[in-house]
Amino acid sequence: MIDKFNRDINYARISITDACNLRCLYCMPNGYVAKHYNFLSKEEIKNIVVALSKLGVKRIRITGGEPLIREDIIEVIKCINEVEGIEDIGITTNGILLGEKISELVKYGLKRVNISLDTLREDRFITLTGGDLKKVIDGLNKAIDLGLIVKVNMIPIKGINDDEIEDFIEMTKNTNLDVRFIELMPIGEGTKFKGITKDDIMKYFKGANIVKVENNGGGPSEVYRLDGHAGRVGFITTMSHSFCDRCNRIRITSDGKLKTCLHNRDEYDLRPYINDNNKLIDVLKYGIYNKYEKHTLLEDKISKSSRDMVRTGG
Ligand code: SAM
Ligand code: SF4
């Protein structure tokens with residue numbers, strides 16, 4: 001549907017858990033400290049998706065926390081795939097359990113995978129996340145072999161992993177995947193680190209023949225193709241070049257709140273209406289129509305959200 005600022009809102013990110021099997025330095029360094037375990041059930045998720053699809057949402061991305069730790073993740077994907085009008089289902093994952101689950105996920109309708117990966121060095125991966133990099137690489141390779149659309153999301157952080165930018169660009173040389181550099185946002189634990197901007201990274205392309213990809217599916221990323229590379233390099237420039245004017249998304253938190261902007265306090269509780277499709281549509285419609293024009297991260301230097309990334313669903 002079209003919001004107050006004439007944006008077509010056709011994409012929803014649904015968080016299905018806040019818990020996670022990793023402990024990323026800038027996200028959840030001490031692991032999941034439970035605020036609740038009352039995560040949306042697969043039936044509740046389906047009701048929300050049915051209502052969203054009636055309002056023109058065509059793409060769903062499942063996120064968390066780590067969505068693949070949900071034991072019913074295959075059924076969650078399956079029931080979203082059954083909803084009329086949903087054309088595309090993706091997942092954002094740390095990739096640890098991807099290798100184990102990817103075949104079943106694809107069988108039941110998964111089309112895209114975004115893998116969050118901030119280092120290609122095994123020892124550094126342990127320091128940054130507490131996990132095993134080999135498992136992530138295995139999942140990534142299987143996703144590519146199965147023909148999924150694969151994006152690797154990397155957050156370059158000063159003094160932590162910014163010496164690996166060229167290695168990540170190199171990943172696009174022989175493999176058809178997108179590596180996307182994401183600017184660290186001042187939210188939760190992220191406030192303790194300093195991110196790198198797109199303009200800093202563009203310096204690494206000096207001399208290379210790069211072409212901006214126009215018509216990149218309407219998403220917020222800026223995408224480039226390097227001459228001779230099978231894959232592409234993209235940027236999510238939340239901090240340096242705001243893309244609020246073309247924002248097409250809303251978020252549903254794992255406890256059933258509609259959040260129309262990642263960096264705003266506004267939330268609409270969907271649970272009281274979860275079994276009443278008409279009322280659910282009304283609340284969603286009101287919230288979506290009144291989606292904020294833009295975030296104020298650049299002025300405030302901090303997110304206004306009362307939730308950190310892991311409780312919103314990144
Ligand atoms: N566990 C899954 C994963 O890591 O892909 C999904 C949830 S995670 C919260 C989603 C994304 O949020 C990850 O790509 C992570 O890097 C990103 N993220 C977490 N904190 C962030 C911050 N302060 N700024 C920008 N991105 C952040
Ligand atoms: Fe877990 Fe994702 Fe946060 Fe890392 S970024 S701690 S994988 S939720």
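We count ligands from 1, going down the list as the structure has it; atoms in each ligand are counted the same way.
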So the atoms of ligand 1 within less than 4.0 Å of a heavy atom of L184 turn out to be 22 (C), 23 (N), 24 (N)

Do F5 and I288 share a hydrophobic cluster (ILVMFWY, side-chain heavy atoms under 4.5 Å, transitive)? no

Would you call the rings of F205 and F235 parallel, tilted or perpendicular, taking 30° and 60° as the class edges? perpendicular

Using a distance-only test with no angle check, is there a side-chain donor-acceptor pair under 3.5 angstrom linking Y26 and D118? yes

Is the cationic atom of R249 (NZ for Lys, CZ for Arg) positioned less than 6.0 Å from the six-membered ring centroid of Y11 and within 45 degrees of its normal? no

Go through the steps to decide whether L40 and I16 satisfy the test side chain to side chain contact (heavy atoms under 4.5 Å, CB included), and finish with yes or no. CA-CA 6 Å; L40 291 168; I16 61 170; 6.0 Å; no

For M185, is at least one N or O under 3.5 Å away from an N or O on ligand 1? yes

Please determine whether residues L146 and I149 belong to a single hydrophobic cluster, defined as Ile, Leu, Val, Met, Phe, Trp and Tyr linked transitively by side-chain heavy-atom distances below 4.5 Å. no

So the atoms of ligand 1 within less than 4.0 Å of a heavy atom of T93 turn out to be 2 (C), 3 (C), 5 (O)

Please determine if G65 has a nitrogen or oxygen closer than 3.5 Å to a nitrogen or oxygen of ligand 1. yes

Compute the shortest N/O to N/O distance between E66 and ligand 1 and return yes if it is under 3.5 Å, no if not. yes

Do I2 and L52 land in one hydrophobic cluster if side-chain heavy atoms of ILVMFWY residues count as linked below 4.5 Å? no

Give the contacting part of T63 toward ligand 1: side chain, backbone, both or neither, where contact means a heavy-atom distance below 4.0 Å. side chain

Against heavy atoms of N94, which atoms of ligand 1 measure under 4.0 Å? 2 (C), 3 (C), 5 (O)

L22 and I126: same hydrophobic cluster, using ILVMFWY side-chain contacts below 4.5 Å? no

Residue from I60, V49, I48 passing side chain to side chain contact (heavy atoms under 4.5 Å, CB included) with I252: I48

Is it the case that ligand 1 has an N or O less than 3.5 angstrom from some N or O of Y26? yes

Supply the atom-to-atom distance L98 CG to S103 OG, rounded to the nearest 0.5 angstrom. 9.5 Å

Side chain to side chain donor-acceptor pair (under 3.5 Å), paired with E66, selected from N21, T92, T93: T93

For S116, take its heavy atoms, then give the atoms of ligand 1 lying under 4.0 Å from any of them. 3 (C), 4 (O), 5 (O), 13 (C), 14 (O)

Any idea which residues sit under 4.0 Å from ligand 2, heavy-atom distances? C20, L22, C24, C27, M28, G65, N94, V310

I need the contact type for N114 against ligand 1. Using non-hydrogen atoms and a strict under-4.0 Å cut-off, is it side chain, backbone, both or neither? neither

Can you sort out which atoms of ligand 1 are near T92, meaning under 4.0 Å from one of its heavy atoms? 2 (C), 5 (O), 6 (C)

